[in-house]
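Working notes, structure below.
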Number of protein chains: 2
Amino acid sequence: MQSKQPTIYDVAKLAQVSPATVSRVLNQPSMVAPDKKARILSAIEILQFVPKADAVAFARQQFKKIGVVAPFFTETSFMERLKGIASVLTGQHYELVIYAVQSIEDLQGYIDMLIGSKRVDGLILLCLSLSDAMVTKLKNSGLPVCFVETDVQGFDSVVIKNIEGGSLVAEFLFANGYRIPGFVGEASRRPYAAHSTEERLGGYASYFASKGISLKMEHVWTGDNVAKASNAGIMKILDRPNRPDCLFASSDTLAIRILKCAVQLGITVPDELGVVGFDDIEMAEFVNLTTVNQSLEESGVLAAETILWRIKEPGKPPKKNTIELTLHQRNSTEIL
Amino acid sequence: MQSKQPTIYDVAKLAQVSPATVSRVLNQPSMVAPDKKARILSAIEILQFVPKADAVAFARQQFKKIGVVAPFFTETSFMERLKGIASVLTGQHYELVIYAVQSIEDLQGYIDMLIGSKRVDGLILLCLSLSDAMVTKLKNSGLPVCFVETDVQGFDSVVIKNIEGGSLVAEFLFANGYRIPGFVGEASRRPYAAHSTEERLGGYASYFASKGISLKMEHVWTGDNVAKASNAGIMKILDRPNRPDCLFASSDTLAIRILKCAVQLGITVPDELGVVGFDDIEMAEFVNLTTVNQSLEESGVLAAETILWRIKEPGKPPKKNTIELTLHQRNSTEIL
DNA sequence: CTGAAAGCGCTAACAC
DNA sequence: GTGTTAGCGCTTTCAG
């Protein structure tokens, strides 16, 4: 129905000025005489002119776009972070482009493409672990990159103190009288995903070790966080004579599964079994789960701010942002 | 560290051909002589050349980008849909750009900008209700648009049979012996968001009406789905002598809140209170919630496929995709 | 089959 | 202050 989008030339003609002047009122209005400015502005209004984003980007070699590449878990944690990222980017008039990686080839391909094709001004890599080759490529490209969850030498990052998180939980459980620790963790088989589970487990185990308590193999399960496998894993830990008296799960969703298994087995929480999760997702409140809060949304905000800062300050040394962890106590660990 | 990204001219020079020919091997390889093609390909390899996406888009006036604008609920439902959208777009080498609307001005601004600035080839509008003026603008712009959840005259859409969903639940509850219905719904105050709650409520109420049962005002609460308000609303319905014997919630998260309140009040589910949710999010399984499954991911897939189809077939009449609903029965309604 | 040349719409020197 | 003129990097007629 519409004939054609107006260009800056149409505006120029209508306002009887040069295209350059139109461009100026768009970008440096103060450098244009008031009368002409008024004429141009009204011409813009009449024509309903909007600068074509791609042409601007192309001429200016700048894109106002940030790419977020992430293993596309349907997880709340991903969502919360994305929300944080979106809120700051939107405020700064940057576009947010999502690249969902579902395989190692995807990841490889995205990185290569993004480096070469000049699609984005910066990249946020969520929960991704890259091969050395790719890291080098990224580094050489000069593209601003911020890692979240992974900490890569020479790059900006937002990291979670996973080890401390593990020991924080262990300390808390120990203080509450629990003495037979168990662990359930989501150890993704995806080679490109970050591995925070191992770190949390490490911190957890070593705290108990410092108290002379060892985490028994048969009280640990790690694997894919899919219903069947994880439930089986949890059941195997709980449905035995020498079961642990507390269980730390690397995510809230897993912790909730534990809660459910406990009910099925007639094990009372927190008396017979203390349960602690990780993430503090909204659902944790519903089920009264004690969990570690890692300010997911804030980590998104930080990542976005960092990448924007990096774009402005290409020379500065890498900045490492650390997210503070807090234990949010609820009924799943309360001592009777 | 890197000098400069190679251009098509560099490749042309190295391969001793014209830039046009390089462009051809990139786009219509069959039209180039094998020997030259080989030379060019190897030059591309040597130079690690990647076409600049923005330059291509600009020259070709086509962007390979789809915008998704949505009220950025941190909701699982949004996420699931996004996942569906992302998977098909990725497969077709389209970029996915997120526009998070947090206010009516945001929405207005995004629409105007997207229409004029030629940033995207198409738009998916999630759970958004637009003013007539904006609808007209969109229509005149000729930009391909697909609505999800809202059904707008003259546009493609993916819709959920909310009314049928409501009556489906009512029918089920009735068949299971429940006779005093109640309803808890998330009625967002955001004027730009779609209102599916009302439709679900409508279908629900009218089914009961057809059985001679009226839904009492004091057994209905609608409001923002935030912890405090909704819990208060639910409590008010349940903590009274004449409370309903079943409650239908417009979303699973609300339904879970109901479950929690019931526990607090010592009301047993499903004996004293049947509870049915909507969405069938992963958590529903954890808490044994009977709920309506609306294939969220599939609706995303459908939306993405539709917009891609529309881009190819600008002339075809609007297509309306309807998502089938199924009731997923779990323990929150089982009759003892 | 291939090269020359003209854009795509805007920005940014460089003169006036 | 403002117009002129070259690009930005790739695609796409149009000749040959």
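Naming convention: chains lettered A, B, ... in sequence-line order (proteins, then strands); numbering from 1 in each chain.
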Quick one: label [X] by what it contacts on the DNA or RNA (base, sugar-phosphate, nothing), any heavy atom closer than 4.0 Å.
X	result
A/Val17	sugar-phosphate
A/Val32	sugar-phosphate
B/Ser23	base
A/Ala33	sugar-phosphate
A/Asn27	sugar-phosphate

5′-ward residue of the pair B/Pro19/A/Thr21 relative to DNA chain D:
A/Thr21
Pick the closest DNA chain D nucleotide for A/Ala20 and for A/Tyr9 by heavy atoms, then say which residue is nearer the 5' end.
A/Ala20
Give the rounded distance in Å between these two atoms: [atom1] of [X] and [atom2] of [N].
X	N	atom1	atom2	result
A/Gln62	D/dG9	CD	C1'	17 Å
A/Phe49	C/dG9	CZ	C1'	8 Å
A/Arg39	D/dT2	CZ	C1'	12 Å

Using only side-chain N and O atoms of [X], determine if any of them is under 4.0 Å from OP1 or OP2 of [N].
X	N	answer
B/Lys118	C/dC10	no
B/Lys36	C/dG3	yes
B/Gln61	C/dG9	yes
B/Ser18	C/dG3	yes

Counting heavy atoms from C-beta on, name the nucleotide in C/dC8, C/dC10, D/dC10 closest to the side chain of B/Phe58.
C/dC8
Please confirm whether A/Lys139 makes a cation-pi placement over A/Phe155, using NZ or CZ under 6.0 Å from the six-membered ring centre and within 45° of the ring normal.
yes
Report yes or no: is the cationic atom of B/Lys65 (NZ for Lys, CZ for Arg) under 6.0 Å from the centre of the six-membered ring of B/Tyr94, at an angle within 45° of the ring normal?
no
With no angle test and no hydrogens, is the base of C/dG9 tied to the side chain of A/Arg60 by a donor-acceptor pair under 3.5 Å?
no
Give, for atom [atom1] of [X] and atom [atom2] of [Y], the distance between the pair rounded to the nearest 0.5 Å.
X	Y	atom1	atom2	value
B/Leu26	B/Ile8	CG	CD1	6.0 Å
A/Arg81	A/Leu302	CZ	CG	11.0 Å
B/Glu80	B/Gln294	CD	CD	9.5 Å

